[in-house]
Participant: 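Okay, handing you the structure first.
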Amino acid sequence: MKGPGTAAGSAAPAGKRRWRCVAAAGAAVALAFFSVVVPLAVLLGLHARFPSMYLVDESAVSVYDGSEGGSWEPIPTEENDTLQVNNTVKEFVLPTPKEWTNTNGSQSDTVIGNISIHPASPIQQDTVLENSSLLNITGTYLRDSFEQGLPGDENGKSCQLEFGSYCLWSVEHEEVMKDFIVKRLKDQLFVARAYYPSIVKLDGMENLSHEMKQNIQEHGHMLSEAISDADLPELHRVNMAKMDQTIAAAKSCDAECTNVEKKLTQLLDMTEDEALFHARQSAYLYRLGVQTLPKSLHCLSMRLTVDYFNASSDMEHSDAEKFGNPAFQHHVIFSTNLLASSMTINSSVINSEESANMVFHLMTDGQNFYAFKNWFIRNSYKGATIRVLNFEYLQMKNLGNGIVDQLSPSEEFRITSNSNALTLNTLTRTEYISMFGHSLFLLPELFTNLKRVIVLEDDTIVQRDLSLLWNLDLKGKVIGAVQFCQVKFHQLRAYLPDFPYNSSSCIWMSGVSIIDLDEWREHDVTGIHHRILEKLRHDTEASWRSAALPAGLLAFQNLIHPIEGQWVQFGLGHDYGLAHGAIKKAAILHYNGNMKPWLELGIHRYKKYWKRYLPRDDVFMMDCNVNP
């Protein structure tokens, strides 16, 4: 009785041990599998289809229903789905042509056809219109080098449609490949390894298989010690020629193609995934660079703020009587960028014939108010009067209408158009359209005693005296501005609310404008603007900022006196093809676009027109190493 019982008892533990071993081995295999697959999935973006590199905090934009009636219904955001990927990258993949998205940042994309609208830095709202009747732009427009789309882009979108001005920047800053030959060697090695298993199985191919094996080993040895072409041995070209001959001989053999096809398809897929990965990574880093305040400018603002509170002297103006005197030339700038706004003012007074008659009203927010005030008290501008105002304080103290609670400077919208609506891979053109922010519609309330003002944006440089612009006869219109007739109202009907408008009217640019405040008050432009906003949903920052486009267009409908295009040269922040002759002739330069002159990523050949007005001996600028 004891014998069988003992045998059974000893067999059970042995069985349990075997199962433990199997379970442990399975767990080890599973752990090894996931340790390899999961990181690859994260790197390749398979879990989120590799979101498309758009920052969420650059601005807020909503995409609206593109029906004829122009109903503005924001679509729920997909931001929560991508937050798990990376806290800094809120949205990766651009919507497909039939998707409508709404992001809590400045970029949101929608495809409607051959025109795409995207607000740019500091607010980058993206929208792509899809309608065959929207735009048909031809002529001498530049062809985008990336218009065939990036590798692996199933939708076939042009690079500019997906990545904006990054595409132009990447072409201009393309680096010379230092590992071109190394990449060729890797390609040869991969093809040889694809053919080798089939060649070994063939009868009478022992010499070829031996030669191929030897070449594979030599290539592997070279590549194990080489990162760039300079690291390769002197005989690498001989080895490349031998491998070419060997591969050619292998291709002439009647080998089984299944394995070769599988390997080459794998190579193609890996190459496309790698190219798309690096393109999107570079686009994200580029966008981060153009929308982040440089450290030196942040330092300058902080140092000036601290110095303002440490200063013991009275830092108030003695020219207060000029502020409300309509006899002087009044210029208004809404800005939170200290250096940019100071360059606009400095260029204006330097090129003015009567700078002592100029008064600049610089409107900023509470965070930058004391830095601005300290800077313009410390620096003189040829007798011109500089008045720094805290918009938030004025709004709380005097206005209090509840419509605009915080500073909202001008917005920029990127418009990308195709010459043919039926195909995306056609001739494309990208422009950056600047539009008044909501704060500028309070001008009559902010300057009750003034009759006329010139509004300048902080990314402009003045090269001529503005007296002619100041004395311009507006012929009963409210505003004088440059019109952009390559885009008209009917092409933007998907973005306009149910509000009367002339479909053939041109859109306009707000880089520089002359405003008759008396006519503004008579036509109640501020009231029109408020009524338009009431028709739009702006319960989020995204929809609020994106509403600047339709509100700015509709509020001034039939109230714009066109300024001659020679006054302003646009495009210095995104267009590499501008002629220096045209730039020198223009009275005002507008750096509209992502590549602002104070950024390292700014277009180098245009920076000199901006940097010539940069102060060189300011102690705070030297301490903060401000040298764009």
Side-chain angles (χ1 to χ4, degrees), residues 54-55 57-59 106-107 118-126 163-170 172-173 283-301 333-348 362 364 368 372 407 409-415 430-435 437 456-463 509-512 545 568-578 583 586 588-615 621 624-628:
Y54 283 91
L55 287 181
D57 50 352
E58 55 185 326
S59 88
S106 58
Q107 287 281 23
H118 320 253
S121 59
I123 306 168
Q124 200 92 321
Q125 304 140 2
D126 291 351
F163 296 114
S165 58
Y166 162 74
C167 306
L168 300 176
W169 178 87
S170 62
E172 289 291 326
H173 295 81
Y284 169 73
L285 295 176
Y286 164 83
R287 190 166 298 281
L288 185 66
V290 298
Q291 294 167 6
T292 303
L293 181 69
K295 182 179 178 180
S296 57
L297 299 188
H298 179 73
C299 167
L300 179 63
S301 180
I333 301 174
F334 285 71
S335 176
T336 58
N337 189 320
L338 171 61
L339 189 63
S341 55
S342 67
M343 294 301 98
T344 301
I345 293 175
N346 195 29
S347 63
S348 300
L362 185 51
T364 188
N368 295 282
F372 273 61
L407 184 68
S410 298
E411 312 284 357
E412 280 188 353
F413 295 82
R414 191 180 84 230
I415 296 184
T430 298
E431 295 287 350
Y432 284 76
I433 307 301
S434 56
M435 192 61 56
L456 297 170
E457 294 185 1
D458 61 7
D459 57 353
T460 57
I461 287 294
V462 178
Q463 299 189 128
M509 305 275 278
S510 68
V512 55
R545 302 184 77 170
V568 186
Q569 175 63 64
F570 296 99
L572 280 78
H574 71 93
D575 192 345
Y576 283 90
L578 300 179
I583 294 175
I588 299 170
L589 305 180
H590 191 187
Y591 288 82
N592 56 313
N594 274 337
M595 293 174 276
K596 304 297 185 184
W598 54 85
L599 298 174
E600 184 178 351
L601 295 175
I603 301 178
H604 181 73
R605 67 175 69 114
Y606 305 147
K607 281 188 175 184
K608 62 182 181 180
Y609 303 106
W610 187 85
K611 293 178 68 173
R612 66 178 55 167
Y613 302 105
L614 193 68
M621 292 189 62
C624 292
N625 194 27
V626 178
N627 185 24

Participant: Do Gln463 and Ser347 have a side chain donor and acceptor closer than 3.5 Å?
Facilitator: no
Participant: Ignoring hydrogens and angles, tell me if any N or O in the side chain of Asn592 forms a donor-acceptor pair with the backbone of Phe570 under 3.5 Å.
Facilitator: no
Participant: Go through Met595 and Tyr286 one step at a time and tell me if the side-chain contact (heavy atoms from CB on, under 4.5 Å) criterion holds.
Facilitator: CA-CA 10 Å; Met595 293 174 276; Tyr286 164 83; 3.4 Å; yes
Participant: Decide yes or no for Tyr606 and Tyr591: does some side-chain heavy atom of the first lie under 4.5 Å from some side-chain heavy atom of the second?
Facilitator: yes
Participant: Whether the His574 and Asn594 side chains hold a donor-acceptor pair (N or O, under 3.5 Å, no angle test) is what I'd like checked.
Facilitator: no
Participant: Rounded at 0.5 Å granularity, tell me how far CG in Leu339 sits from CG in Leu297.
Facilitator: 5.5 Å
Participant: Supply the atom-to-atom distance Trp598 CH2 to Lys611 NZ, rounded to the nearest 0.5 angstrom.
Facilitator: 14.5 Å
Participant: Between Val290 and Leu599, what is the shortest heavy-atom contact and its length?
Facilitator: O-CD1, 3.4 Å
Participant: Apply side-chain contact (heavy atoms from CB on, under 4.5 Å) to residues Arg605 and Tyr576 and explain how you reach the verdict.
Facilitator: CA-CA 9 Å; Arg605 67 175 69 114; Tyr576 283 90; 3.6 Å; yes
Participant: Donor-acceptor check, side chain of Ser341 to backbone of Leu338, threshold 3.5 angstrom: yes or no?
Facilitator: yes
Participant: Kindly indicate whether the side chain of Val512, heavy atoms from C-beta on, has any atom under 4.5 Å from the side chain of His590.
Facilitator: no
Participant: Give the C-alpha distance, both sets of side-chain angles, the deciding distance and a yes or no for side-chain hydrogen bond (donor to acceptor under 3.5 Å, both in side chains) between Ser410 and Glu457.
Facilitator: CA-CA 7 Å; Ser410 298; Glu457 294 185 1; 3.0 Å; yes
Participant: Report yes if the side chains of Met343 and Pro615 come closer than 4.5 Å at any heavy-atom pair, otherwise no.
Facilitator: yes
Participant: Got a second to check how far Leu293's CG is from Ser301's OG, nearest 0.5 Å?
Facilitator: 8.0 Å
Participant: So which atom in Tyr609 and which in Ile461 form the shortest heavy-atom distance, rounded to 0.1 Å?
Facilitator: O-CG2, 3.9 Å
Participant: With rounding to the nearest 0.5 angstrom, report the CD1 to CG distance, Ile345 to Leu362.
Facilitator: 5.0 Å
Participant: Looking at every non-hydrogen atom in both residues, tell me the closest pair between Ile603 and Leu572 and how far apart they are.
Facilitator: CD1-O, 3.8 Å
Participant: Please report the shortest heavy-atom distance between Met509 and Tyr432, naming the atom on each side.
Facilitator: CE-O, 3.4 Å
Participant: Which heavy-atom pair separates Thr344 from Thr460 by the least distance, and what is that distance?
Facilitator: OG1-O, 2.8 Å
Participant: Under the side-chain hydrogen bond (donor to acceptor under 3.5 Å, both in side chains) criterion, do Asp458 and Ser335 qualify, and how do the steps go?
Facilitator: CA-CA 6 Å; Asp458 61 7; Ser335 176; 2.7 Å; yes
Participant: Of all heavy-atom pairs between Gly593 and Glu412, which one has the smallest distance, and what is that distance?
Facilitator: N-OE1, 3.1 Å
Participant: For the atom pair CD1 (Ile415) and CD (Glu431), what is the distance rounded to the nearest 0.5 Å?
Facilitator: 8.5 Å
Participant: Determine, for Glu600 against Lys607, whether the closest basic-nitrogen to carboxylate-oxygen distance falls under 4.0 angstrom.
Facilitator: no
Participant: Would the distance check show the side chain of Ser510 and the main-chain N or O of Met435 forming a donor-acceptor pair, the cut-off being under 3.5 Å?
Facilitator: yes
